[in-house]
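The next block holds one structure in the form of structure tokens; read it before the comments.
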Number of protein chains: 2
Amino acid sequence: MESKKLLQLAHAACKERGARLTAVREQVFLLMAENEGAIGAYDLLDKLQKIDPSAKPATVYRALDFLAKQGFVHKIESINSFLLCDHFSDCHHPVQLLICDNCGSVEEIQSNNLDLALRAMADASGFTINHQVVEAHGKCQNC
Amino acid sequence: MESKKLLQLAHAACKERGARLTAVREQVFLLMAENEGAIGAYDLLDKLQKIDPSAKPATVYRALDFLAKQGFVHKIESINSFLLCDHFSDCHHPVQLLICDNCGSVEEIQSNNLDLALRAMADASGFTINHQVVEAHGKCQNC
DNA sequence: TATTAGTCTTTATAAAATATCATAAATGAA
DNA sequence: TTCATTTATGATATTTTATAAAGACTAATA
Ligand SMILES: [Zn+2]
Ligand SMILES: [Zn+2]
Ligand SMILES: [Zn+2]
Ligand SMILES: [Zn+2]
């Protein structure tokens, strides 16, 4: 199972960083890993409640917060959902997404030029970037 | 008054396009134009209700939808707020924003390189972009 | 073991956005 | 003008998304 391998990687990364990948967080990580593509917090909660019926919105949001801080998960601002990172070994990379409005698929891309162009513009305005949201909407190859 | 001039431009643009800038829409446009920086839908509703106490959330959201479609207003996905466009004569330009997390100021920038880099990456994946969300968070020059 | 920082549970609420359906206004064709 | 069609609004309710607050618990460490 792919998701088990990912979980191992996550455990290793957390150990290295002294971060605590607790049972709830692990469970949410697995659900994210098993899920194809992006998922909303409340849909994720539904899945979690099948395993732990006492789970509440805060349970999921806290776990997602943690996973996002570790760089395992990205929040997609424009569709209020969450996505397992394609390459979370490199934990704080700039996030650039292609979101198909037809089929809902999300592809994570990596363009240095894009990052550089954005930083160049920011510099020109004396602006220091901490975090960037780059989400392109449109139609994917399959659609 | 700057906002009155902007309103005239908006009226002209709508006339040209056969779009109906109705009383509510005009009022919301003016409130946006008079407002410094970005504003949330419900804060805008508060302002609107001082003029028209019967205004409801849907009133504001519908007006904002219209204004956004005309390119007069941009939605900022990462902070759930709205901003009058800096240069709405060019109505469907790519939107690129620098958002200060300290003082809340938002600067609209225009980088062709950024747009090109994003399109290049999308092309490489066979993806066709309809709409792009580019929002950089960090610290502005003043902060 | 005692301290401490972090995490979890629960309950409640806030914030953001949309659905629905009835009514009204504008537009365009006859 | 009149009628039909489209478009916009008003009003009510609800859905969806996200956070606050307070106390109990847990793991790490010293
Ligand atoms: Zn990633
Ligand atoms: Zn698609
Ligand atoms: Zn603009
Ligand atoms: Zn600032």
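Letters A, B, ... mirror the listed sequences (proteins, then strands); counts begin at 1.
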Parallel, tilted or perpendicular, as decided by the 30° and 60° cut-offs, for the rings of A:His131 and B:His137: tilted
Sidechain N-carboxylate O distance under 4.0 Å for B:Asp43, B:Lys47: no
Whole-Å gap separating P (C:dA16) and CG (B:Asp46): 11 Å
Whole angstrom value for the distance that separates P of C:dA26 from NZ of B:Lys15: 15 Å
Phosphate-side-chain proximity, A:Thr22 and C:dC8, N/O vs OP1/OP2 below 4.0 Å: yes
Earlier contact from the 5' end, DNA chain D, for B:Arg20 and B:Ser54: B:Arg20
Whole-Å gap separating C1' (C:dC8) and CG (A:Leu21): 15 Å
Smallest separation among heavy atoms of A:Cys140 and B:Phe127, with atom names: CA-CD1, 3.6 Å
d(CD, B:Gln49; P, D:dA11) in whole Å: 12 Å
Euclidean distance, atom CG of residue B:Leu45 to atom C1' of C:dA15 [Å, nearest integer]: 12 Å
Between CG on residue A:Asn102 and OG1 on residue B:Thr128, distance to nearest 0.5 Å: 11.0 Å
Atom-pair distance (CG on A:Asp52; C1' on C:dC8), nearest Å: 11 Å
Check ion pair B:Arg119-B:Asp123 (N to O, under 4.0 angstrom): no
Integer-rounded Å distance: C:dA16 C1' and B:Leu64 CG: 12 Å
Which atom of A:Cys85 lies closest to which atom of A:His74, heavy atoms considered: SG-NE2, 3.2 Å
Protein proximity profile, nucleotides 12-23 of chain D - base contact B, sugar-phosphate-only contact S, no contact -, cut-off 4.0 Å on heavy atoms: B----BBB----
